[in-house]
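The structure under discussion appears below in the form of structure tokens.
In what follows, chains are A, B, ... by sequence order, proteins preceding strands, each numbered from 1.
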Amino acid sequence: GNSVTQMEGPVTLSEEAFLTINCTYTATGYPSLFWYVQYPGEGLQLLLKATKADDKGSNKGFEATYRKETTSFHLEKGSVQVSDSAVYFCALGGGTSKAAGNKLTFGGGTRVLVKP
Amino acid sequence: KAGVTQTPRYLIKTRGQQVTLSCSPISGHRSVSWYQQTPGQGLQFLFEYFSETQRNKGNFPGRFSGRQFSNSRSEMNVSTLELGDSALYLCASSLAVPGLPYQETQYFGPGTRLLVL
């Protein structure tokens, strides 16, 4: 079945540092890939997405490229801020598989702490 | 446009009781999915409803059930609560327009935090 592997945290960075969170997946077909962010006490917010190979999703300075050859969707940000402190989740969507419907398969989450 | 709303936000129950959680999707969204989030198991898919029908189901016991109403609002019910049911329950909605690919974006609500004592 589908699965997502994410680097474990916590990741502690200084402000303006470069952030990378690794995400690899196992799936059949052509899934969509997502990054969600969760701030303390809140639900999940969509950060970015990519629906096919070589697509690059980007939002708020974050980027991730759908790499089918390496089954990866690593999240990057060039200069983090204290406000980026949160838990980040990589997720796999059903893609073109009708059997999967709208089910998302999530990685374990990576906690990021940015210090001033 | 208002986001996904969930009620109640916090709930305390005792073992053996049952609980009903409610979710109102974004206006115009027809698909509602439910997820359970715990520190040990992470985020796990419970089920998805579309047009008042369960379209997909995760690996949870039959104590977990749900339904969707004609206005797309959804409820989930957990009967005979166990301590391990303590979790954040998240609802997500998506458009589910017929003919679109299935890789739709899901938008999450703030969740209902359930504590079972």
Exercise for the section: Give a yes or no on whether a salt bridge exists between B:Lys13 and B:Asp85, defined as a side-chain N under 4.0 angstrom from a carboxylate O. Expected result: no
Exercise for the section: Indicate the ring-plane relationship of A:Phe62 and A:Tyr88, choosing parallel, tilted or perpendicular according to the 30° and 60° boundaries. Expected result: tilted
Practice task
Please determine which of B:Glu82, B:Arg15, B:Gln17 meets the side-chain contact (heavy atoms from CB on, under 4.5 Å) test together with B:Val116.
Solution key: B:Arg15
Completion exercise
Under 4.5 Å to a heavy atom of chain A? For B:Gln37 that would be side chain
Handout entry: Proximal component of B:Arg113, with respect to chain A [non-hydrogen, under 4.5 Å]
Key = neither
Handout entry: B:Leu43 versus chain A, the contacting section by heavy-atom distance below 4.5 Å
Key = both
Exercise for the section: Report the residue from B:Lys57, B:Arg55, B:Arg30 that forms a salt bridge (charged side-chain N to carboxylate O under 4.0 Å, His left out) with B:Glu48. Expected result: B:Arg55
Practice task
Please look at A:Gln45 and chain B and tell me whether the side chain, the backbone, both or neither of the residue comes under 4.5 angstrom of a heavy atom of that chain.
Solution key: neither
Practice task
Select one option (side chain, backbone, both, neither) describing which atoms of A:Leu44 are under 4.5 Å from chain B's heavy atoms.
Solution key: both
Fill in the blank from the handout: So, the part of B:Tyr35 with a heavy atom under 4.5 Å from chain A: the answer is side chain
Exercise for the section: Using atom types as modelled and distance alone, determine if a side-chain donor or acceptor of B:Gln106 lies under 3.5 Å from a backbone N or O of B:Ser33. Expected result: no
